[in-house]
Asker: 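Can you keep this structure in mind? I'll have questions shortly.
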Amino acid sequence: MGVVEKIKEIEAAVEEMARTQKNKATEYHLGLLKAKLARYRAQLLEPTTKSGGGGTGFDVQKSGDARVALIGFPSVGKSTLLSKITHTASETAAYEFTTLTAIPGVIEYQGARIQLLDLPGIVEGASQGRGRGRQVVSTAKTADLILIMLDATKSEEQRRLLEIELDAVGIRLNKRKPDVVFKRKTTGGITFTSTVKLTQTDEKTIRTILAGYKLHNCDVMIREDITTDEFIDVLIGTRKYIPCLYVYNKIDAISLEQMDKLAHEGHTVVISCEMDLNLTYLIERIWEDLDLVKVYTKKRGAHPDLEDPICMRKGSTIDDVCNGIHRSLAANFRYALVWCGETAASIPLVPLTFFSQGKSSKFSPHAQKVGLNHLVQDEDVVSIFTK
Ligand SMILES: Nc1nc2c(ncn2[C@@H]2O[C@H](COP(=O)(O)OP(=O)(O)OP(=O)(O)O)[C@@H](O)[C@H]2O)c(=O)[nH]1
Ligand SMILES: [K+]
Ligand SMILES: [Mg+2]
């Protein structure tokens, strides 16, 4: 019998037992079956090749304005959450490894469409290529925000274990990229400067590391009090700095005191999917942590469209706005007018023909005539003019 058949058989037995009356003995037997089921399901997650699942994530298309990935141990309630806050149903069950692949859902909030990715549970050692865990942590790398989902009834240790797995694949949670300028050169030796006092590392250590990486010609300028590890991150260059929210689920099963303690930790939200506690607040926090920029578009002679903003990541440009409207727009782009948030109310409705005469500032004090590389700010109103 193959693994899939064995799983089906046990699932049927579990269902059968759930229908019969419960007592201590059946409860125990049910526990054994679930453990067995989890083992078989874990086998299904084993990579089929010897390479350890490879370094690539699941093949799910990015869609919407941002991607949020659910990372956690098995059975913490990831699929229950997806099923609750999106229109997508992901299978949920009391045994581990219910979810075997990436399941995308969409959170609609403030005019934004946020992709929420339900993923298989991971186990300790996931980053080392055990099971499909490696694929899960690689998928986390593609997210704009990671939700580390935890079972509030389980030990605090779980949080640290997950952080270790993500760290191992180069994900840095809730950290900014270190403020270090590093330039490789072909000659000239090493130039080292530091604009701040270094208390956690020193020039000698850094030079030793550079030698270790066979980097004999480069410029290094350190502009914040970094650690040695942070310097290595800069050298390696492929680190991903991703914001993270710790989501403690199943607070219905812990005391108020315990809940209160968890809720006061940084970057943390406590919820109960089962009892619908705090789910709206969680969505608000997801929205805040994604730090999206909303831009309103305005057609000539019309009011800005406040109903349907374009949501983008911080640091987006007019080029991104064009692509957000239509793929061909950037190619025919002439210029854009931008009104910043506070003055949007005073935007004139008159046709803006005079702008072609290059007197924009004189005639419309609030608008700025800009090109494709212009950075947009939250609440900006944008009109695109094409050839
Ligand atoms: N008490 C309690 N149980 C919950 C809550 N949310 C989910 N569960 C239960 O936890 C179990 C696991 O839920 P799933 O959503 O399948 O968990 P998962 O994290 O997707 O699990 P895998 O896909 O196996 O990794 C189910 O029996 C749920 O009913 C909650 O808020 N409180
Ligand atoms: K489960
Ligand atoms: Mg699941």
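Just follow the structure's listing: the first ligand is 1, and inside any ligand the first atom is 1.
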Asker: Keeping waters out of it, list the protein N, O or S atoms under 3.4 Å from the K ion (ligand 2).
Answerer: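 Less than 3.4 Å away from the K ion (ligand 2) sit S75 OG, A93 O, Y95 O, T98 OG1.
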
Asker: Donor-acceptor pair, distance only, cut-off 3.5 Å: does the side chain of Q200 make one with the backbone of D225?
Answerer: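 The answer is yes, because a donor-acceptor pair under 3.5 Å joins these two groups.
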
Asker: Would you mind telling me which of V169, L117, I71 makes a side chain to side chain contact (heavy atoms under 4.5 Å, CB included) with V136?
Answerer: I71

Asker: Does atom CD of E9 have more than 12 heavy-atom neighbours, drawn from other residues, nucleotides or ligands, at distances under 6.0 Å?
Answerer: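 It does not: E9 CD has 12 such atoms or fewer within range.
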
Asker: Would you say K298's side chain and V338's backbone share a donor-acceptor pair under 3.5 angstrom?
Answerer: no

Asker: Could K369 and Y335 be counted as a cation-pi pair, given that NZ or CZ must be under 6.0 Å from the ring centre and within 45° of the axis?
Answerer: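 Yes - K369 lies over the ring of Y335, closer than 6.0 Å to its centre and within 45° of its axis.
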
Asker: Please determine whether T99 has a backbone or side-chain N, O or S atom lying under 2.8 Å from the Mg ion (ligand 3).
Answerer: yes

Asker: Judged by atom type as modelled, is there a donor-acceptor pair below 3.5 Å linking the side chain of D65 to the main-chain atoms of I114?
Answerer: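 Looks like no, no N/O pair under 3.5 Å.
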
Asker: Can you tell me if an N/O/S atom from S79 lies under 2.8 Å from the Mg ion (ligand 3)?
Answerer: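 Checking the Mg ion (ligand 3) against S79, an N, O or S atom does fall under 2.8 Å.
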
Asker: With heavy-atom distances below 4.5 Å as the criterion, would you say the side chains of F231 and L210 are in contact?
Answerer: yes

Asker: So, E224 and R176, do they make that salt bridge, N to O below 4.0 Å?
Answerer: yes

Asker: Verify, without hydrogens or angle tests, whether T99 (side chain) and T101 (backbone) share a donor-acceptor contact under 3.5 angstrom.
Answerer: no

Asker: Would you please write out the protein residues whose heavy atoms approach any atom of ligand 1 to under 4.0 angstrom, listed by chain and number?
Answerer: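 Answer by chain and number: P74, S75, V76, G77, K78, S79, T80, T92, A93, A94, Y95, E96, F97, T98, T99, G121, N249, K250, D252, S272, C273, E274.
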
Asker: Check each of I222, V180, I226 against V234 using the side chain to side chain contact (heavy atoms under 4.5 Å, CB included) test, and report the only one that passes.
Answerer: V180

